[in-house]
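Here the structure is laid out as structure tokens; the discussion comes afterwards.
Position 1 is the first residue of the sequence, and the numbers go up from there.
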Amino acid sequence: MESIWSWLHEAGWSEMAISVGLHVLGALALFLIGLRIVKWITGFAERGLTRANVEPTAAMFLRKVTHVVLLVVLILAALQVVGVPMTSTIAVLGAAGLAIGLALKDSLSNIASGVMLVSLRPFRAGDIVTINGQTGKVESVSIFQTQLRGADNQTIVLPNSLVTTDSIINLTPDVMRRIELVIGISYDADIDAARGLAMDIMQADERVLPEPPPDVLVYELGDSSVNLGIRCHVANADFFVTKCELTERIKKAFDRDGISIPFPQRDVHMYHHAGATVGQQALPAPDAAGSDAIGLDDPEHRPSPDPQ
């Protein structure tokens with residue numbers, strides 16, 4: 001054993017092992033201390049953005065981007081302490097970045113879309129939005145995806161590229177929303193009476209705002225009904241419940257006053273023609289002179305024989 005150690009010492013392996021060990025320990029210490037520094041910097045940046053009244057969604061996105069960038073710099077610094085040449089490392093990272101970029105082009109488009117969402121700010125954290133047919137409250141916008149909270153408390157995760165390429169309907173840009181009910185009444189019903197009932201119900205509800213004033217308009221003359229547009233404005237928090245309750249009250253009021261709400265229906269008129277029926281061909285009755293309008297002896301109109 002002593003001979004092996006002396007041989008390693010003479011060959012310089014012991015000094016090399018000690019040097020490599022010291023470099024590894026130094027890199028590990030640098031990495032651990034650097035993690036704390038990165039965490040402190042990102043926290044400090046987040047507090048600074050909050051004090052600057054930066055929108056919470058943008059502040060969260062910038063904090064995550066800053067954390068990723070600082071972490072990459074820390075890893076490169078630790079590799080340099082170990083003794084890895086930076087020129088070779090940067091070349092390898094460049095080639096790897098190109099390959100990863102080609103393989104993850106969709107993910108990179110999500111990153112670019114996330115930057116667009118933070119810059120343009122079509123919505124903020126807490127807004128109720130409809131994106132790609134999904135409606136929910138915006139919880140966060142990360143580097144790759146946007147997270148919504150649905151009405152029944154489900155989590156909806158949408159890629160940022162899908163958010164920016166699809167239409168965005170922000171349902172909370174203001175303090176109020178308009179309720180619009182389209183209710184059809186029969187053509188025999190009194191339009192003014194129906195309008196008066198709907199107006200009385202809306203004006204009696206304390207949640208309906210006086211400005212803009214509620215109104216009832218004739219939207220169209222449909223196939224089986226006269227469609228009324230019943231409109232009013234309420235606060236954002238009262239929208240859904242008020243809409244449902246107004247619909248129920250208007251239906252009950254129309255029923256009490258005999259104003260019917262028709263459903264799609266079709267009138268079928270049956271016409272009876274006197275005459276005989278031969279096979280699938282109906283023949284009219286004889287005229288006053290006793291002669292058939294279309295005779296059975298006429299070869300052009302004689303029914304075809306039964307194929308059976």
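- One distance of note links OG1 of T242 with CZ of R207; it measures 3.5 Å at 0.5 Å rounding.
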Evaluate side-chain contact (heavy atoms from CB on, under 4.5 Å) for D205 paired with R249, printing each intermediate quantity in order.
CA-CA 11 Å; D205 196 318; R249 292 173 187 172; 3.1 Å; yes
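- One N or O on the side chain of D166 and one on the backbone of N132 form a donor-acceptor pair closer than 3.5 Å.
- Within the model, atoms CD1 of I37 and CG of L32 stand 11.0 Å from one another, a figure rounded to the nearest 0.5 Å.
- V234 and I128 fall into different hydrophobic clusters, where Ile, Leu, Val, Met, Phe, Trp and Tyr side chains are chained together by heavy-atom contacts under 4.5 Å.
- Between I185 and A194 the shortest heavy-atom distance is CD1-CB, 4.0 Å.
- Looking at D127, its side chain never comes within 3.5 Å of a backbone N or O of V129 through a donor-acceptor pair.
- One side chain, T135 or T130, offers a donor N or O that lies under 3.5 Å from an acceptor on the other.
- Taking hydrophobic clusters as Ile, Leu, Val, Met, Phe, Trp and Tyr residues chained together by side-chain heavy-atom distances below 4.5 Å, M202 shares a cluster with L181.
- When every heavy atom of I201 is checked against every heavy atom of A253, the shortest pair comes out as CD1-CB, 3.7 Å.
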Let's go through L228 and Y219 carefully: what are the C-alpha distance in whole Å and the side-chain angles of both, what is the deciding distance for side-chain contact (heavy atoms from CB on, under 4.5 Å) to 0.1 Å, and is it a yes or a no?
CA-CA 5 Å; L228 302 180; Y219 271 9; over 6 Å; no
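- Closest approach of K137 and G126 over heavy atoms only: CG-O, 3.6 Å.
- Between K243 and E180, no side-chain nitrogen of the basic residue sits less than 4.0 Å from a carboxylate oxygen of the acidic one, so the salt-bridge criterion is not met.
- Under the 4.5 Å side-chain heavy-atom criterion for ILVMFWY residues, a single connected hydrophobic cluster contains both V218 and I261.
- Between the side chains of S225 and N227, at least one donor N or O lies within less than 3.5 Å of an accepting N or O.
- Ion pairing of K252 with D255 is absent here, as no side-chain N (NZ or NE/NH1/NH2) approaches a carboxylate O to less than 4.0 Å.
- Remark: the T66 side chain and the T42 side chain contain no N/O donor-acceptor pair separated by less than 3.5 Å.
- Between the side chain of D238 and the main chain of A235, no donor-acceptor pair closer than 3.5 Å is present.
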Derivation of the side-chain contact (heavy atoms from CB on, under 4.5 Å) call for I156 and R149:
CA-CA 6 Å; I156 304 172; R149 179 68 59 180; over 6 Å; no
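- No side-chain heavy atom of D190 sits under 4.5 Å from any side-chain heavy atom of R195.
- F44 and L71 are members of different hydrophobic clusters when ILVMFWY side chains are connected at heavy-atom separations under 4.5 Å.
- For the pair S186 and V226, the tightest heavy-atom approach, listed with the atom from each and the gap, is O-CG2, 4.4 Å.
- Looking at R178, its side chain never comes within 3.5 Å of a backbone N or O of C232 through a donor-acceptor pair.
- In terms of hydrophobic clustering, with Ile, Leu, Val, Met, Phe, Trp and Tyr side chains grouped at heavy-atom distances under 4.5 Å, I250 and M199 are assigned to a common cluster.
- Taking 4.5 Å as the limit, some side-chain heavy atom of I41 sits within range of a side-chain heavy atom of L70.
- Within 6.0 Å of atom CZ in F240, 12 or fewer heavy atoms from other residues, nucleotides or ligands are found, so the atom counts as exposed in its surroundings.
- Taking 4.5 Å as the limit, some side-chain heavy atom of F123 sits within range of a side-chain heavy atom of I131.
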I would like to know whether V208 and H233 meet side-chain contact (heavy atoms from CB on, under 4.5 Å); could you show each step before the answer?
CA-CA 6 Å; V208 176; H233 289 75; over 6 Å; no
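- For the pair R177/L171, a side-chain contact is recorded, criterion being any heavy-atom separation below 4.5 Å from C-beta on.
- Within the 3.5 Å criterion, the main-chain N or O of T146 finds a donor-acceptor partner in the side chain of N160.
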After noting the C-alpha distance and the side-chain angles of S113 and S161, does the key distance pass the side-chain hydrogen bond (donor to acceptor under 3.5 Å, both in side chains) rule?
CA-CA 5 Å; S113 299; S161 58; 5.2 Å; no
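- For the atom pair CD1 of I183 and OG1 of T247, the computed distance is 6.0 Å after rounding to the nearest 0.5 Å.
- Between R231 and D215 there is a salt bridge, since at least one side-chain N of the basic residue sits less than 4.0 Å from a carboxylate O of the acidic one.
- Separating the CG atom in L246 from the NZ atom in K251 is a distance of 15.5 Å, to the nearest 0.5 Å.
- The shortest side-chain heavy-atom distance between L209 and M176 falls under the 4.5 Å cut-off.
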